[in-house]
Amino acid sequence: MAAAAATKVTAAAAASAVFRSNKELTRLARSGQLAAARRLFDAMPLRNTVTYNAMLSALARHGRIDEARALFDGMPGRNTVSWNAMIAALSDHGRVADARSLFDRMPVRDEFSWTVMVSCYARGGDLELARDVLDRMPGDKCTACYNAMISGYAKNGRFDDAMKLLREMPAPDLVSWNSALAGLTQSGEMVRAVQFFDEMVKDMTSWNLMLAGFVRTGDLNAASSFFAKIESPNVISWVTLLNGYCRAGRIADARDLFDRMPERNVVAWNVMLDGYVHLSPIEEACKLFDEMPIKNSISWTTIISGLARAGKLQEAKDLLDKMSFNCVAAKTALMHGYLQRNMADDARRIFDGMEVHDTVCWNTMISGYVQCGILEEAMLLFQRMPNKDMVSWNTMIAGYAQDGQMHKAIGIFRRMNRRNTVSWNSVISGFVQNDRFVDALHHFMLMRRGTNRADWSTYASCLRACANLAVLHVGRQLHNLLVRSGHINDSFAGNALISTYAKCGRILEAKQIFDEMVYKDIVSWNALIDGYASNGQGTEAIAVFREMEANGVRPDEVTFVGILSACSHAGLIDEGLFFFYSMTKEYLLKPVAEHYACMVDLLGRAGKLNEAFELVQGMQIQPNAGVWGALLGACHMHKNHELAQLAAERLSELEPRKASNYVLLSNISAEAGKWDESEKARASIKEKGVNKPPGLAGST
DNA sequence: TATGCGTAGT
């Protein structure tokens with residue numbers, strides 16, 4: 001009897017111990033302390049299903065999706081919550097097919113399961129499949145499930161479907177109304193939002209959604225007058241407007257609002273701090289940081305990254321050393337600062353000194369090595385990285401592609417189990433950057449056979465390939481696809497289309513695209529000017545330039561490259577000299593090598609070789625291959641062997657691996673009767689293992 | 001004590 005009672009007591013004590021540990025485990029997981037959660041989990045002598053479920057969602061929250069899956073597969077007793085949590089985790093990371101496979105295999109489905117699956121498809125943009133799941137849900141469908149579907153419709157721009165379902169569902173709640181509203185406000189559809197807001201059942205979230213909508217569209221006047229109408233704004237309302245002022249660069253208004261806030265939580269302080277970091281001298285931000293009564297890891301990360309961006313790396317490091325708790329994000333911010341300034345070794349010391357690294361930290365170090373051109377180290381880290389995400393893979397692909405090592409880029413791309421749009425874009429733009437235009441278009445074709453959808457970046461790269469190949473019919477097909485995919489109003493895509501039509505000699509169509517564009521930016525104007533320039537229509541290019549000025553768009557360095565090359569192509573020497581003068585004196589732009597190359601070309605074509613050479617000698621920056629190339633071309637044209645030889649020598653110093661430079665030098669020497677030097681130039685092609693020009697490297 | 005649908009900050 002006594003023994004049985006004792007066992008009962010021990011069992012009850014054990015159960016309550018598990019209960020307490022589970023609670024602590026959940027708390028740790030929710031406050032982002034994954035390492036501590038894992039230590040507790042490992043140390044627990046007894047675990048129940050709740051323990052496993054808590055650990056599973058902790059892993060999922062930190063993106064450790066594969067570890068979560070391993071835990072799920074190995075756990076002793078799975079209940080419906082375990083299945084739901086695992087499906088939600090897969091859904092959060094875009095692994096729609098895996099989520100569906102589990103959903104189909106799970107023994108018992110509750111309303112959570114159906115909601116997760118609807119939300120999974122809806123967030124991935126697959127609204128028909130989401131609706132199919134909702135329709136197949138047996139019995140009375142829960143409100144959350146309807147809400148997930150409404151949110152999906154609304155966020156994907158299908159407002160009419162969202163409204164229809166909202167009217168049809170039996171018991172809409174505040175979340176239903178707000179889901180529909182959120183779709184409108186987050187798409188910038190503020191006219192419809194205002195109308196809908198008038199009619200709907202509202203709570204504070206609805207008011208805040210509207211406020212955020214005005215802020216997002218940049219209409220700060222509407223936002224502040226709307227804010228004035230909120231009866232008792234909560235902290236979120238205040239912070240939303242505060243953030244709006246900061247985003248609009250209105251730091252004084254932001255500070256004024258901040259000072260009027262009845263209560264300031266840590267988010268409010270962080271928004272204000274971030275405003276100072278981006279809009280004021282860093283000392284202002286530091287002052288506010290010292291005043292902050294409450295700080296969290298985001299505050300520390302914000303100030304440290306601000307200091308790092310301002311180049312105050314020592315101050316950032318000192319501050320980091322003062323931190324009493326471990327913050328991976330703050331350390332990553334400092335690492336990033338070092339890497340931006342090519343101080344890879346300092347960054348690496350921080351990295352090596354950290355006991356835990358999250359995915360962002362690994363990716364920062366890897367992409368930093370890539371940016372510093374240290375690809376071997378990037379690759380070593382990539383190989384050591386335990387939980388590579390899409391960013392890690394894509395960084396390595398883009399890194400090798402930019403370095404001209406397309407075979408390695410493609411090798412990594414082929415090893416990926418799953419790819420996203422960025423993976424394809426990295427490969428396609430890599431081919432374009434390496435002048436392998438046919439390969440770029442071929443991969444676009446392969447991409448279209450799969451499930452990843454092309455975005456503006458894909459189209460921009462492919463259009464550049466078309467422009468370079470001057471394949472007008474492919475350009476037109478891409479134009480059609482752009483219209484059908486809804487990306488046609490992206491200024492990026494429009495700009496690429498202008499260049500493509502212009503490079504294919506269809507300047508009228510380029511002009512038409514330009515005229516139809518809803519959002520013209522500086523790049524659009526530059527593309528059109530450049531288009532006229534490359535078609536030899538200098539006068540038209542100048543006319544566009546004047547129109548641009550009249551529209552209050554301030555020309556930039558790229559504009560002047562276009563306008564100067566227009567002048568040089570059209571032989572407009574006086575105009576070219578005038579624009580070069582205007583650029584430096586009126587617009588106070590510093591000429592870069594490309595501008596000098598245009599000017600050398602301009603003067604050179606007109607036979608003013610000495611003036612061109614004087615310009616080169618007077619350059620504030622090192623002349624690059626383009627400048628010497630332009631001079632060489634002009635010398636060749638006007639048969640100035642001496643100057644040609646000088647230019648060719650400089651050129652071969654700058655581009656020692658480009659065969660055409662040696663061929664030119666050899667020919668020039670031969671023409672001048674200097675046979676020895678001609679022979680020497682030819683010999684160096686073999687000696688230096690000179691590559692074929694990249695244009696010939698790809699497919700034929 | 002673990003899982004789903006709507007609002008603020010890196």
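A note on names: the letters A, B, ... follow the listed sequences, proteins ahead of strands, and every chain is numbered from 1. Heavy atoms only: backbone and side chains are in, while hydrogens, waters and symmetry mates are out.
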Next on the checklist: Between A/Phe382 and A/Trp362, is the ring centroid distance below 6.0 Å?
Outcome noted: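 No, they do not, as the ring centres are separated by 6.0 Å or more.
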Next on the checklist: Less than 6.0 angstrom separating the ring centers of A/Phe197 and A/Phe226, yes or no?
Outcome noted: yes
Find the distance [X]:[atom1] to [N]:[atom2] and express it as a whole number of Å.
X	N	atom1	atom2	result
A/Arg61	B/dT3	CZ	C1'	11 Å
A/Leu166	B/dG6	CG	C1'	12 Å
A/Leu25	B/dA2	CG	C1'	9 Å
A/Met149	B/dG6	CE	P	13 Å
A/Leu211	B/dG9	CG	C1'	15 Å

Would you indicate which nucleotide in [options] comes nearest to any side-chain atom of [X]?
X	options	result
A/Lys155	B/dT3, B/dG9, B/dG6	B/dG6
A/Ser57	B/dT10, B/dT1, B/dA2	B/dA2
A/Phe19	B/dT10, B/dT1, B/dC5	B/dT1
A/Asn296	B/dG9, B/dT3, B/dA8	B/dG9
A/Asp203	B/dC5, B/dA8, B/dG6	B/dG6
A/Val239	B/dG4, B/dA8, B/dT1	B/dA8
A/Ala144	B/dG6, B/dC5, B/dA2	B/dC5
A/Val267	B/dG4, B/dG6, B/dA8	B/dA8
A/Cys142	B/dG4, B/dG9, B/dA2	B/dG4
A/Val271	B/dA2, B/dG9, B/dG4	B/dG9

Could you check whether [X] gets within reach of a base, just the sugar-phosphate, or nothing at all, counting any heavy atom under 4.0 Å?
X	result
A/Cys145	nothing
A/Glu111	base
A/Arg30	sugar-phosphate
A/Asn48	nothing
A/Val116	sugar-phosphate
A/Asn79	base
A/Ile298	base
A/Thr301	nothing
A/Asp173	nothing
A/Asp110	nothing

Checklist entry - Taking side chain as C-beta onward, heavy atoms only, is A/Met292 less than 4.5 Å from A/Ser299? => result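 In contact.
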Checklist entry - With a 4.5 Å heavy-atom cut-off, do A/Ser305 and A/His336 have their side chains touching? => result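 When only atoms from C-beta onward are counted, A/His336 and A/Ser305 do not touch, as no gap falls below 4.5 Å.
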Checklist entry - OP1 or OP2 of B/dA2 sitting under 4.0 Å from any side-chain N/O of A/Asn22? => result no
Next on the checklist: Does B/dT7 have OP1 or OP2 under 4.0 Å away from a side-chain N or O of A/Gln186?
Outcome noted: yes
Next on the checklist: If the test is side-chain contact (heavy atoms from CB on, under 4.5 Å), which one of A/Val116, A/Leu71, A/Leu56 qualifies with A/Met86?
Outcome noted: A/Leu56
Item to check | A/Phe289: which of A/Trp300, A/Tyr276, A/Trp269 passes ring pair (Phe, Tyr, Trp, His ring centres under 6.0 Å) | outcome: A/Trp300
Item to check | Donor-acceptor pair (no angle test) under 3.5 Å: A/Asn208 side chain, B/dG6 base | outcome: no
Item to check | Ion pair A/Arg216/A/Glu189, N-O distance below 4.0 Å | outcome: no
